[in-house]
2 protein chains.
Amino acid sequence: MSSREGCTTRRRGAALETAILEAAWKVLRDQGYAGFTFEAIAARAGTSRPVLYRRWSGRQELLVATLRQLWQSKPIEIPDTGSLRGDALAFLMQADERRARIITLMSVELHEYFRETGSSFRELRAAIREPGQATALEVIVERAVARGEIADVARPARVVNLPFELFRQEVIMTMGAVPPEAIHEIVDEIWLPLLLQG
Amino acid sequence: MSSREGCTTRRRGAALETAILEAAWKVLRDQGYAGFTFEAIAARAGTSRPVLYRRWSGRQELLVATLRQLWQSKPIEIPDTGSLRGDALAFLMQADERRARIITLMSVELHEYFRETGSSFRELRAAIREPGQATALEVIVERAVARGEIADVARPARVVNLPFELFRQEVIMTMGAVPPEAIHEIVDEIWLPLLLQG
DNA sequence: CACGTAAGAAACACTTGCGTATCTTATAAC
DNA sequence: GTTATAAGATACGCAAGTGTTTCTTACGTG
């Protein structure tokens, strides 16, 4: 189970810390927050609990550090395929690949935090997002308008971001990856008809 | 903490079972799934763990029983206002009032349960729902078709049930009740345009 | 009213994780 | 090379929950 793989040298400082965060992520991914214990993480990283306690005071603190590193290591790019449909599909596929797991996790991990602070997913997300930044789908729609693909009319934010809402819903409902058919349904049977009708 | 409140009589059979399920629900509501232990539930119900073990094999089984009772104790009636829009609005308002809490719970709090059992929200819902029953929105659409309000064409289940999906998403994101404006947006800006365009 | 069923109390051994203390030994810096 | 530092191993008492066993006693059935 140890991730040191016969490595005899003793790791230190930043290298050790990175290795621990990687191990922590793997434990979180495989065992969930309930299995996210210093015991399990130390074992997986091939080190011992005191080493973890010297860096983080407890599981919450380590969790934040773990998610922060993970989030920053996997950015999502806004696709530019030349068509509204292509962009939407590519975007959702990418989100599926890169964010499905994190989305499920976040709703669990942060729940304890929500309980304590009385805040919500939405508030936290708003606090984290850079203000005034357009969502990927807003950019995608804007480009389609510029190409003349769809009419240049005002659209409610809820309509523009609909695919991602439904995608997230799907992720939460199934606890995992969203099959391509579902993504196609969302785009072809709901979103495009809605955008094109105007 | 015991819910027996000076009750000296010894409860039996169905009465005892109901009392335990009520206690279980309170524990789940107050302490979350992490605190949903036989120990805590037995204490809250004013009984002992063996009594619980005689009925359910473990926390997962008790959880399903608890949610099923809760779900069925607050049935949603399918509104019949005479118009598609009125029915949809009334249905979502009712869902908001009666289901917001349990939905939050099932989707956010129970990930640990899903992990333990290897199941998902969708499966848990199936275990709780009475089988073979049409969803409220399916009935509402059917009636609208019968009235001649909308065309009699085949519609994907995803389209028919869209309002509830979006409603649920809203509940999860806000961790609570959904404001009426959001419900109106879902119905007027998304669902009705989609249904009426055909 | 007698009796069988099951409620409820208490204890069992066991497991997992916590947070800390102690000690060694490798290694980076000087 | 010597030395300060921190890695890594081991062990501690503590707490909470598990699943089970045993025993007593209340209560509904007949």
Side-chain angles (χ1 to χ4, degrees), chain A residues 1-24 26-66 108-109 112 115, chain B residues 1-24 26-28 30-66 109-110 112-113 115-117:
Chain A
M1 275 301 142
S2 160
S3 68
R4 293 178 72 185
E5 286 151 15
C7 176
T8 54
T9 65
R10 181 178 282 188
R11 299 156 301 180
R12 302 199 144 218
L16 177 59
E17 194 153 322
T18 303
I20 293 173
L21 288 177
E22 256 170 49
K26 284 178 187 164
V27 170
L28 186 58
R29 159 161 59 69
D30 298 347
Q31 258 72 52
Y33 189 58
F36 191 77
T37 64
F38 270 30
E39 188 114 352
I41 295 161
R44 186 126 191 183
T47 183
S48 61
R49 281 182 297 132
V51 174
L52 271 65
Y53 277 108
R54 281 169 200 142
R55 290 178 164 75
W56 303 280
S57 71
R59 71 198 312 224
Q60 293 89 359
E61 224 178 282
L62 177 52
L63 179 81
V64 171
T66 303
V108 193
E109 303 346 332
E112 210 42 51
R115 207 181 250 283
Chain B
M1 271 304 142
S2 161
S3 69
R4 295 177 72 185
E5 284 151 17
C7 177
T8 53
T9 65
R10 182 178 281 187
R11 298 156 302 180
R12 303 202 141 218
L16 177 59
E17 194 152 320
T18 303
I20 292 173
L21 289 177
E22 256 171 48
K26 285 178 187 163
V27 169
L28 186 59
D30 298 347
Q31 258 71 51
Y33 187 60
F36 191 78
T37 63
F38 269 31
E39 187 112 356
I41 295 160
R44 186 128 190 181
T47 183
S48 60
R49 282 180 296 131
V51 174
L52 272 64
Y53 277 108
R54 280 169 201 143
R55 290 178 163 76
W56 303 280
S57 71
R59 71 197 311 225
Q60 290 94 359
E61 224 178 283
L62 177 52
L63 180 81
V64 171
T66 303
E109 188 116 45
L110 297 184
E112 213 38 58
Y113 164 83
R115 186 179 286 277
E116 279 176 12
T117 59

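Chain letters run A, B, ... following the sequence lines, proteins first, then strands; residues in each count from 1.
- Here the CD atom belonging to B:Gln60 is positioned 4.5 Å from the OH atom belonging to B:Tyr33, to the nearest 0.5 angstrom.
- Under 3.5 Å, the side chain of B:Arg49 and the base of C:dG8 form no donor-acceptor pair of N or O atoms.
- The backbone N or O of B:Thr18 lies less than 3.5 Å from no partner atom in the side chain of B:Arg11, so there is not a single donor-acceptor pair.
- Between B:Arg12 atom CZ and D:dA26 atom P there is a gap of 12 Å when expressed in whole angstrom units.
- One finds the OG1 atom of A:Thr66 at 11.5 Å from the CZ atom of A:Arg59 (value rounded to the nearest 0.5 Å).
- Rounding to the nearest 0.5 Å gives a distance of 11.0 Å between CD of B:Glu22 and CZ of B:Arg44.
- What separates CZ of B:Arg54 from P of C:dA6 is a distance of 9 Å, to the nearest Å.
- When heavy atoms are screened at a 4.0 angstrom cut-off, B:Thr37 is found touching the sugar-phosphate backbone but no base atom.
- Taken from CG in A:Leu28 to NZ in A:Lys26, the straight-line distance is 13.0 Å, to the nearest 0.5 Å.
- If you check C:dT20, C:dG8, D:dT20 against the side chain of A:Tyr53, the one that comes closest is C:dT20.
- Between B:Arg55 atom CZ and C:dT5 atom C1' there is a gap of 12 Å when expressed in whole angstrom units.
- Where A:Ser48 and B:Pro50 each meet DNA chain D at their nearest nucleotide, the meeting point lying more 5' is that of A:Ser48.
- We find that CZ of B:Phe36 is positioned 11 Å from P of D:dT18, with the value rounded to whole Å.
- Which of C:dC18, D:dG8, C:dA7 sits closest to the side chain of A:Arg11 comes down to D:dG8.
- Residue B:Leu52 contributes atom CG, which lies 12 Å from atom C1' of D:dG19 at whole-angstrom precision.
- Remark: P of C:dG8 and CD1 of B:Ile20 are 8 Å apart, rounded to the nearest angstrom.
- The shortest distance between the side-chain N/O atoms of B:Thr47 and the OP1/OP2 oxygens of C:dG8 is below 4.0 Å.
- Whole-Å rounding puts the B:Glu39 CD to C:dT16 C1' distance at 15 Å.
- The shortest distance between side-chain heavy atoms of A:Ile20 and A:Val51 falls below 4.5 Å.
- To the nearest 0.5 Å, atoms CZ (A:Phe38) and CG (A:Leu62) are separated by 5.0 Å.
- In this structure, A:Arg59 atom CZ and C:dG17 atom P are separated by 10 Å, rounded to whole Å.
- In the helix from C:dA13-D:dT18 to C:dC30-D:dG1, the end axes, each obtained as the rotation axis mapping the C1' atoms of four pairs onto the next four within a five-pair block, lie 10° apart to the nearest 10 degrees.
- Closest approach to the A:Arg10 side chain among D:dT10, D:dT18, C:dT25 is made by C:dT25 (side chain taken as heavy atoms from C-beta onward).
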